[in-house]
Amino acid sequence: MAAWSRLAANWPLKLTSLLLALLLWSVVAFEEPSTRLIRIQLQVTAPEGRELIEAPATAQALVTGPARELLELAARPPILARVIADTVTARRVTIALSPADVILPRGVTVDVRDVQPSEITVELDSLYQRLVPVRASLRARADTAGIDGTVT
């Protein structure tokens, strides 16, 4: 019984110490760097005058950073934005994805290590070209007024 009374003595102080220890542990655990695969949104912009018919909407990125920053990325996923060049004439285009293309939300400091898949294939609407003959017709009218405004 003496051991139980020693354990129960000052129980509010002991409970407060235990809660503070758990709080400190959780703060340190959230600061420890970790690595995770997170979902990212893909935004592919077609050349002017063409439309995307088929393109994947998401990919995954391997991200390293503090756990609290990775939790922030779960709420606000990063975006990978790519623009297809105007010179592309093919219907199916393969685009390489790199970690440098990933746009992180403001205030989030993590390191993007890899993007999976490393390339995607998108399908554009067909591009039709037609050569049209152009003939210039210029008509010039001679100015009949002189410098001083008199007609000669």
Would you tabulate the side-chain donor-acceptor contacts of residues 101-110 under 3.5 Å, counting partners in other chains and residues two or more places apart, or write 'none'?
from   : atom 1 : to    : atom 2 : distance (Å)
Asp101 : OD2    : Ser98 : N      : 3.3
Asp101 : OD2    : Ser98 : OG     : 3.2

Notebook entry, point to check: Got a sec, which residues hit salt bridge (Lys or Arg N to Asp or Glu O under 4.0 Å) with Arg36, two or more places apart in sequence or on another chain?
Noted result: none

Next item on the list: Determine the sole option in Ile120, Val112, Val115 for which the side-chain contact (heavy atoms from CB on, under 4.5 Å) test with Leu80 is passed.
Entry: Val115

Notebook entry, point to check: By side-chain hydrogen bond (donor to acceptor under 3.5 Å, both in side chains), which residues pair with Arg76, not counting sequence neighbours?
Noted result: Glu72

Next item on the list: Report the C-alpha separation of Val93 and Thr121 in whole Å, then their side-chain angles, then the decisive distance to 0.1 Å, and conclude whether the side chain to side chain contact (heavy atoms under 4.5 Å, CB included) test is met.
Entry: CA-CA 6 Å; Val93 180; Thr121 301; over 6 Å; no

Next item on the list: Output all residues satisfying salt bridge (Lys or Arg N to Asp or Glu O under 4.0 Å) with Asp111, sequence neighbours left out; order by chain, then residue number.
Entry: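 For Asp111 the salt bridge (Lys or Arg N to Asp or Glu O under 4.0 Å) partners, ignoring immediate neighbours, are Arg113.
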
Margin query: The criterion is salt bridge (Lys or Arg N to Asp or Glu O under 4.0 Å); which residues satisfy it with Arg92, sequence neighbours excluded?
Written below: Glu123

Next item on the list: Side-chain contact test, heavy atoms from C-beta onward, threshold under 4.5 Å: evaluate it for Leu97 versus Leu42 and give yes or no.
Entry: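 They are in side-chain contact.
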
Item checked: All pairs passing salt bridge (charged side-chain N to carboxylate O under 4.0 Å, His left out) where residues 12-26 contributes a residue, at least two apart -> none

Item checked: Partner set under side-chain hydrogen bond (donor to acceptor under 3.5 Å, both in side chains) for Ser118, not counting sequence neighbours ->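 Listed in chain order: nothing, the list is empty.
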
Next item on the list: Please list, chain by chain and in numerical order, all residues satisfying side chain to side chain contact (heavy atoms under 4.5 Å, CB included) with Ala21, sequence neighbours excluded.
Entry: none

Check: Can you find a heavy atom in the side chain of Pro78 that is under 4.5 Å from one in the side chain of Leu73?
Finding: yes

Notebook entry, point to check: Less than 4.5 Å apart, any side-chain heavy atom of Leu20 and any of Leu22?
Noted result: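 The answer is no, as the side chains (C-beta and beyond) never meet within the 4.5 Å cut-off.
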
Next item on the list: Quick one: pull up CD in Glu119 and CD1 in Ile95 and give me the separation to the nearest 0.5 Å.
Entry: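 Going from CD on Glu119 over to CD1 on Ile95, the span is 10.0 Å.
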
Item checked: Spatial distance of atom OG (Ser34) from atom CD (Glu69) [nearest 0.5 Å] -> 10.5 Å

Checklist line | Nearest-0.5 Å distance, CD1 of residue Ile38 to CG of residue Leu70 | finding: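 It comes to 7.0 Å.
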
Checklist line | Test log, rule side chain to side chain contact (heavy atoms under 4.5 Å, CB included), inputs Leu37 and Gln116 | finding: CA-CA 9 Å; Leu37 268 176; Gln116 298 172 359; 3.9 Å; yes

Check: Ile84 and Val44: side chain to side chain contact (heavy atoms under 4.5 Å, CB included), yes or no, with the steps?
Finding: CA-CA 7 Å; Ile84 300 174; Val44 180; 3.7 Å; yes

Check: Who passes side chain to side chain contact (heavy atoms under 4.5 Å, CB included) against Thr45, sequence neighbours left out?
Finding: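 Result, side chain to side chain contact (heavy atoms under 4.5 Å, CB included) vs Thr45: Val83.
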
Check: With sequence neighbours left out, what residues match Gln41 under side-chain hydrogen bond (donor to acceptor under 3.5 Å, both in side chains)?
Finding: none

Checklist line | Those residues that, when tested against Thr16, pass side-chain hydrogen bond (donor to acceptor under 3.5 Å, both in side chains) (two or more places apart) | finding: none

Notebook entry, point to check: Which heavy-atom pair separates Ala90 from Arg50 by the least distance, and what is that distance?
Noted result: O-NH2, 3.1 Å

Side-chain donor-acceptor contacts of residues 52-65 below 3.5 Å, not counting sequence neighbours, with atom names and distances?
from  : atom 1 : to    : atom 2 : distance (Å)
Thr64 : OG1    : Thr35 : OG1    : 3.1

